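Structure, as C-alpha cells:
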Amino acid sequence: MPLARRVEDTHLEESRKSIIRDGDPMAMYAYKKQQDEQMTSSQSRNNGINGETTSVPLRKPVYKGPPPKSNRYGIRPGYRWDGIDRGNGFED
C-alpha cells in the first residue's frame with residue numbers, strides 16, 4: 001500500500017463510493033444497489049466449499065393485503081397491518 005495516492009487511484013475511489021453516508025439523498029439507492037449486488041453474487045455461488053449452500057440475505061417483509069387508501073404522505077402500510085382503517089376520517 002503506497003503512502004502517496006494519485007488522482008487515478010481506482011481502488012481508493014471505489015472504496016469511497018461504496019460508503020453510505022448519513023444524510024445522503026442517494027443513500028437509499030446506493031443501499032438497494034449494494035443489496036442487489038450481494039444477492040446476485042451470493043446466488044451465483046450457490047455451492048460453497050465442500051458443496052455447502054450459502055444463505056441468501058432476506059428482504060424486508062411487505063404488506064400483501066388489499067390496497068390501502070392513499071394518504072397525503074404516500075406512506076405504505078406495515079406488513080403486519082390487518083387492513084382496517086381506524087382513523088377518524090380527518091384526511092378523507
Side-chain angles (χ1 to χ4, degrees):
M1 177 185 229
L3 295 176
R5 301 282 181 166
R6 295 173 45 167
V7 174
E8 62 271 352
D9 189 359
T10 57
H11 179 68
L12 176 65
E13 186 157 344
E14 288 300 318
S15 67
R16 286 186 177 170
K17 283 183 180 180
S18 66
I19 297 172
I20 299 175
R21 294 173 184 82
D22 188 34
D24 185 7
M26 293 291 289
M28 190 52 121
Y29 173 75
Y31 176 74
K32 287 181 181 178
K33 185 176 178 182
Q34 280 184 353
Q35 294 299 320
D36 290 342
E37 288 175 0
Q38 288 177 357
M39 288 183 74
T40 56
S41 67
S42 65
Q43 287 175 353
S44 65
R45 51 186 164 89
N46 271 340
N47 292 331
I49 300 172
N50 298 330
E52 298 172 2
T53 58
T54 58
S55 63
V56 177
L58 301 174
R59 292 189 182 259
K60 289 185 177 180
V62 180
Y63 174 69
K64 297 177 183 169
K69 292 189 330 186
S70 62
N71 57 44
R72 61 181 161 173
Y73 299 111
I75 301 172
R76 295 174 47 185
Y79 71 99
R80 292 184 176 149
W81 185 53
D82 59 359
I84 300 172
D85 182 16
R86 294 180 177 84
N88 60 5
F90 177 73
E91 292 185 0
D92 290 338

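This is a predicted model, so every value here is computed, not measured. Just the heavy atoms: all of them, side chains too, but no hydrogens, waters or symmetry mates, feed the values below.
- The two residues Y63 and W81 make their nearest non-hydrogen contact at CE1-O, 3.3 Å.
- In plain terms, the two heavy atoms of S15 and L12 that are nearest each other are OG-O, 2.7 Å.
- Y29 belongs to a hydrophobic cluster whose other members, connected by ILVMFWY side-chain contacts under 4.5 Å either directly or through intermediates, are M26.
- Note that CG of D24 and CD1 of I19 are 11.5 Å apart. Values are rounded to the nearest 0.5 Å.
- As a member of the Ile/Leu/Val/Met/Phe/Trp/Tyr network built from side-chain separations under 4.5 Å, Y73 groups with I75.
- In this structure, CG on D9 lies 10.5 Å from CD on E14, to the nearest 0.5 angstrom.
- Remark: E13 pairs with K17 by the side-chain contact (heavy atoms from CB on, under 4.5 Å) rule, at least two apart or across chains.
- Residues R59 and Q35 form no side-chain contact, since every pair of their non-hydrogen atoms from C-beta on lies 4.5 Å or further apart.
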